Amino acid sequence: MAVVLDLDRVCCGYRDTDLFTDVSLRVAESEVLCLLGPNGVGKSTLLRAVLGSLQLRAGRVRIAGRDVGEWRRRALARTVAHVPQAAAAPFPFTVAEVVLMGRTPHLGVARSPGRADREIAARCLERLGIGHLAHRPYTVTSGGERQLVLVARALAQQPRLLLLDEPASDLDLGNQAMLLRTVRDLAAGGPAVVMISHAPEHAFAVADTAALLDRDGVLRTGTPAEVLTESELTRVYGGPVRVLTGTGPDGSTVRGCVPLL
Ligand SMILES: Nc1ncnc2c1ncn2[C@@H]1O[C@H](COP(=O)(O)OP(=O)(O)OP(=O)(O)O)[C@@H](O)[C@H]1O
């Protein structure tokens, strides 16, 4: 599988502080990488570096083989979609209009969406189970609904690389499962996915690779079972964590994590 995202010895920080100095990772087509780590270690910052919106202090970020700084903005927007942690809408666009904005990088010289763009946007709304919200102003949607709208907008972009920053943090259990299935099915069709999450069970459920960033800026990567062990989670999060196992409907092992008090 072709490598879509390649971080080589990346160093990022703000003002006089480096958050991490030597982060390397690769994500290939159809791969789901789940990025975990304590609050404030720099997970969202890493995504900013991938998007080219934060100057690297050292290292290289390549997307589809080309340095992120060498990409034209429009071409980058056709290739990479980003779902931020939260996005306020200054104007009361409808949900359908917000999702249609995902088509913007693909529009031709006329710059106005056509029937095919509207159909893609409508399919993305249905895929996330929010077709009934299409005509509601985005500004009056709930926190969880808003997350689903932003994911639908990113899917409408039809990216080769999808960056999700805690996309399930406001979702109920049913919608978490729906979102994780959507991520898994999407990746099976080709795109690479990087998903930040505070729930190790999300990594166990859908990730090929788990990447755990600690407070010293060290990133450990491997399969979820290799990286997300009780001892490693306890070390990184600074308190005891249990990994519990059960059996899924198909007989496979399912894992969840609980912090101990
Ligand atoms: N523009 C900025 N200027 C200065 N410091 C910043 C800036 N943006 C973020 N930070 C700081 O950098 C650190 C890392 O922030 P970041 O948002 O990347 O963390 P995170 O790992 O995504 O955290 P969380 O899990 O809480 O979302 C934090 O201490 C944050 O306060």
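Just so we're clear, the structure is a prediction, and the values are computed from it rather than from any experiment. Only this structure's heavy atoms are used, side chains among them; waters, hydrogens and symmetry mates stay out.
Under the side chain to side chain donor-acceptor pair (under 3.5 Å) criterion, the residue pairs touching residues 119-134 are R115-E119, with sequence neighbours excluded.
The structure places SG of C124 at 10.5 Å from CD of Q157, a figure rounded to the nearest 0.5 Å. Atom NE2 of H202 is separated from atom OG of S169 by 9.5 Å, given to the nearest 0.5 angstrom. Here the straight-line distance linking atom CG of D117 with atom CE of M101 works out to 13.5 Å at 0.5 Å rounding. One finds the CZ atom of R255 at 9.5 Å from the CG atom of L228 (value rounded to the nearest 0.5 Å). Here the CD1-OG1 distance, from I63 to T79, works out to 8.0 Å after rounding to the nearest 0.5 Å. With values rounded to the nearest 0.5 angstrom, L128 atom CG is found 12.5 Å from R153 atom CZ.
Other residues, nucleotides and ligands contribute at most 12 non-hydrogen atoms within 6.0 Å of the CZ atom of F91. Within 6.0 Å of atom CZ in R57, more than 12 heavy atoms from other residues, nucleotides or ligands are found, so the atom counts as buried in its surroundings. No more than 12 heavy atoms of other residues, nucleotides or ligands shown are found within 6.0 angstrom of CZ on R26.
A203 and P224 make their closest contact through O-CG, 3.5 Å (heavy atoms, listed as atom of the first residue, atom of the second, distance). The two residues V10 and C12 come nearest to each other via the heavy atoms CG1-SG, 3.8 Å. The shortest heavy-atom contact between C257 and F204 is SG-CE1, 4.0 Å. Listed here is the closest heavy atom pair of A121 and V99: O-CG1, 3.7 Å. A96 approaches L125 most closely through the heavy-atom pair CA-CD1, 4.2 Å. Nearest heavy atom pair, residue L76 against residue L51, reads CD2-O, 3.8 Å.
In this structure, the side chain of Q85 does not engage the main chain of D165 through any donor-acceptor pair within 3.5 Å. In this structure a side-chain-to-backbone donor-acceptor pair under 3.5 Å is missing from T221 to A211. Of the possible donor and acceptor atoms, none in the side chain of K43 sits under 3.5 Å from a partner among the backbone N and O of L35. With R103 contributing its side chain and R118 its backbone, the two residues share no donor-acceptor pair below 3.5 Å. E29 contributes no side-chain N or O that, together with a main-chain N or O of V4, makes up a donor-acceptor pair within less than 3.5 Å. In this structure a side-chain-to-backbone donor-acceptor pair under 3.5 Å is present from S24 to R9. Under a 3.5 Å cut-off, the side chain of D172 and the backbone N or O of G174 do form a donor-acceptor pair. Distance alone, capped at 3.5 Å, places no donor-acceptor pair between the E232 side chain and the V227 backbone. Counting only distance, with no hydrogens or angles, the side chain of D8 and the backbone of G59 share no donor-acceptor pair below 3.5 Å. A donor-acceptor pair under 3.5 Å links the side-chain atoms of T234 to the main chain of E230, judged by distance alone.
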Verdict with reasoning, T229 to V243, per side chain to side chain contact (heavy atoms under 4.5 Å, CB included): CA-CA 7 Å; T229 59; V243 178; over 6 Å; no

Full working for side chain to side chain contact (heavy atoms under 4.5 Å, CB included) between V206 and M195: CA-CA 10 Å; V206 295; M195 177 174 71; 4.0 Å; yes

Candidate pair L179 and L164, rule side chain to side chain contact (heavy atoms under 4.5 Å, CB included), full reasoning: CA-CA 11 Å; L179 179 84; L164 301 164; 5.8 Å; no

Side chain to side chain contact (heavy atoms under 4.5 Å, CB included) assessment of F93 paired with L100: CA-CA 11 Å; F93 292 112; L100 193 57; over 6 Å; no

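Not counting sequence neighbours, R78 has no partner by the salt bridge (charged side-chain N to carboxylate O under 4.0 Å, His left out) test.
Between the side chains of T209 and E31, at least one donor N or O lies within less than 3.5 Å of an accepting N or O.
V23 is not connected to V236 by any chain of hydrophobic side-chain contacts under 4.5 Å among Ile, Leu, Val, Met, Phe, Trp and Tyr, and they are in different clusters.
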